[in-house]
Amino acid sequence: MTDSRILLVTPHMSGLEEEYVREAFRTNWVAPLGPHLDAFEKEFCETVGCGHAAALSSGTAALHLSLLLLGIKAGDEVICSDLTFSASANVIVYERAAPVFIDSDRETWNMDPNLLEQELKSCAAKNKLPKAVILVHLYGQSADIDPVLELCNQYEIPLIEDAAESLGATYNGRSTGTCGKFGIFSFNGNKIITTSGGGMIVSDDEKLIEKAKFFSTQARDPAPHYEHSTIGYNYRMSNVLAGIGRAQLKVLDERIEQKRRIFEFCEKAFEDEPGIEFMPEATYGRSTRWLTCILINPERFGATREDVRLHLGKNNIEARPLWKPMHLQPVFSGCRCRGGEVSEDLFARGLCLPSGTNLKHEELERVASAVLSTPRK
Ligand SMILES: Cc1ncc(COP(=O)(O)O)c(C=O)c1O
């Protein structure tokens with residue numbers, strides 16, 4: 001008999017979700033508005049420590065709205081982390097603006113503030129400053145926010161934090177997503193908590209979040225009939241899914257602990273392997289370890305990242321390379337990128353291991369022994 005498949009991550013329900021969903025059905029709030037939606041936004045604000053929030057249909061929708069609310073338009077430049085999922089940069093192109101990518105810092109895997117500084121200096125010299133910075137917090141770890149924020153303040157450029165992967169992570173005690181003009185989060189099925197699909201945009205500016213709600217519900221002007229003076233979007237979260245979100249939010253702390261334990265398990269399992277390194281944890285914050293990410297040194301380990309990934313596949317275990325940097329993506333080939341060597345190296349050697357909080361101990365042991373049994377030269 002073959003072993004059952006181990007996936008990278010799967011949704012992990014707390015058991016409370018069904019009661020919240022039943023409540024939505026009982027009261028017939030099966031709509032993109034209702035008491036769960038209001039409560040989810042309020043409880044989310046309390047959890048991350050921000051002023052205002054609007055629950056949306058996805059993290060991508062939240063990113064898109066953040067650019068719309070900043071008035072990004074065709075021809076503008078928007079800075080974005082190079083090592084990320086494509087959604088972070090796609091939204092820039094939705095508005096016909098141009099992404100400019102910044103490489104990662106080797107210590108954090110997130111945007112290198114020194115490279116950002118160089119880029120902004122060169123933009124200022126050309127008299128064409130970017131209209132926003134999208135700072136991604138990768139794999140559950142906060143980027144180094146303060147130096148980025150200082151640069152943004154110095155050049156008067158709004159900061160958008162893409163915290164899709166980092167709900168629950170902290171930076172000097174603050175939650176990621178709460179330091180910029182906007183923060184965005186994702187509740188996609190692979191995230192630390194999920195609503196099957198969904199997202200949140202947060203800000204301390206109440207008016208901007210009111211506008212986000214307006215744009216995400218088709219931009220209806222106040223009138224008894226349907227009156228529109230701006231283009232709107234159908235981006236609001238449903239009250240049913242907000243019910244799932246409320247139940248998931250209650251177990252966020254537990255999920256963070258479980259994720260960190262998975263990471264620690266792998267660290268211990270590979271401690272005698274000099275060819276395997278782990279994503280470093282920056283001293284300024286606490287990572288959620290959303291995914292356990294490793295780097296394989298092929299000379300030391302005797303096998304490449306791809307050898308390991310394929311060997312895991314043969315053992316019915318899903319693992320994925322780290323994000324392919326945006327500057328290497330065919331769709332962004334014409335875009336400027338500052339640096340790029342670090343993200344290229346991380347992509348070449350990096351692997352995300354199964355990190356589902358519902359994995360059994362035996363399954364984690366299977367993952368670790370499959371990594372170690374990869375045929376080596
Ligand atoms: C860094 C990053 N940004 C944005 C998104 C988009 O979120 P969603 O899938 O909810 O649209 C994701 C992942 O899904 C992501 O990993």
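Every number for a ligand or one of its atoms is a count from 1 in the order of the listing. Reckoned from all heavy atoms, side chains included, excluding hydrogens, waters and symmetry mates.
Contact atoms of ligand 1 toward Gly198: 10 (O) (distance under 4.0 Å to a heavy atom of the residue). Interface atoms of ligand 1 facing Ala87, defined by a heavy-atom separation under 4.0 Å, are 4 (C), 5 (C), 6 (C). Distances below 4.0 Å separate heavy atoms of Ser58 from the following atoms of ligand 1: 10 (O), 11 (O). Counting atoms of ligand 1 from 1 in the listed order, those under 4.0 Å from a heavy atom of Val136 are 1 (C). Close contacts of ligand 1 with Thr84, meaning ligand atoms under 4.0 Å from a residue heavy atom, involve 1 (C).
Defined by atom type and a distance below 3.5 Å, a donor-acceptor pair is present between the side-chain atoms of Glu17 and Gln248. With 3.5 Å as the limit, one finds a donor-acceptor pair spanning the side chains of Arg255 and Gln258. With 3.5 Å as the limit, one finds a donor-acceptor pair spanning the side chains of His137 and Glu161. Donor-acceptor pairing under 3.5 Å is recorded for the side chains of Glu344 and His327.
The option with the heavy atom closest to atom 5 (C) of ligand 1, from among Ala61, Ala164, Ala89, is Ala164. When the heavy-atom distances from atom 8 (P) of ligand 1 to Gly59, Ala62, Ser57 are ranked, the shortest goes to Gly59.
Nearest heavy atom pair, residue Asn110 against residue Leu138, reads OD1-N, 2.9 Å.
For the pair Asp162 and ligand 1, the shortest N or O to N or O distance falls below 3.5 Å. Taking any N or O of Asn190, backbone or side chain, none lies under 3.5 Å from an N or O belonging to ligand 1.
No more than 12 heavy atoms of other residues, nucleotides or ligands sit less than 6.0 Å from atom CZ of Arg300.
Screening residues 42-63 for side-chain hydrogen bond (donor to acceptor under 3.5 Å, both in side chains), with sequence neighbours left out, gives Lys42-Glu46, Glu43-Arg246.
Of all protein heavy atoms, the one closest to atom 12 (C) of ligand 1 is Phe85 CD2, 3.5 Å. Nearest to atom 16 (O) of ligand 1 among the protein's heavy atoms is Glu165 OE2, 2.6 Å. From the protein, the heavy atom lying nearest to atom 13 (C) of ligand 1 is Lys191 NZ, 2.9 Å. Residue, atom and distance of the protein heavy atom nearest to atom 9 (O) of ligand 1 are Asn188 ND2, 3.5 Å. Scanning the protein heavy atoms around atom 11 (O) of ligand 1, the nearest turns out to be Thr60 OG1, 2.5 Å.
Between Phe214 and Asp221, the closest side-chain pair of non-hydrogen atoms falls below 4.5 Å.
When atom types are taken as modelled, the side chain of Lys259 and the backbone of Ser355 share a donor-acceptor pair closer than 3.5 angstrom.
The closest approach between Ser88 and ligand 1 falls below 4.0 Å for a heavy atom of the residue.
Between Phe187 and Phe40, the angle of the ring planes lies from 30° to 60°, which puts this pair in the tilted group.
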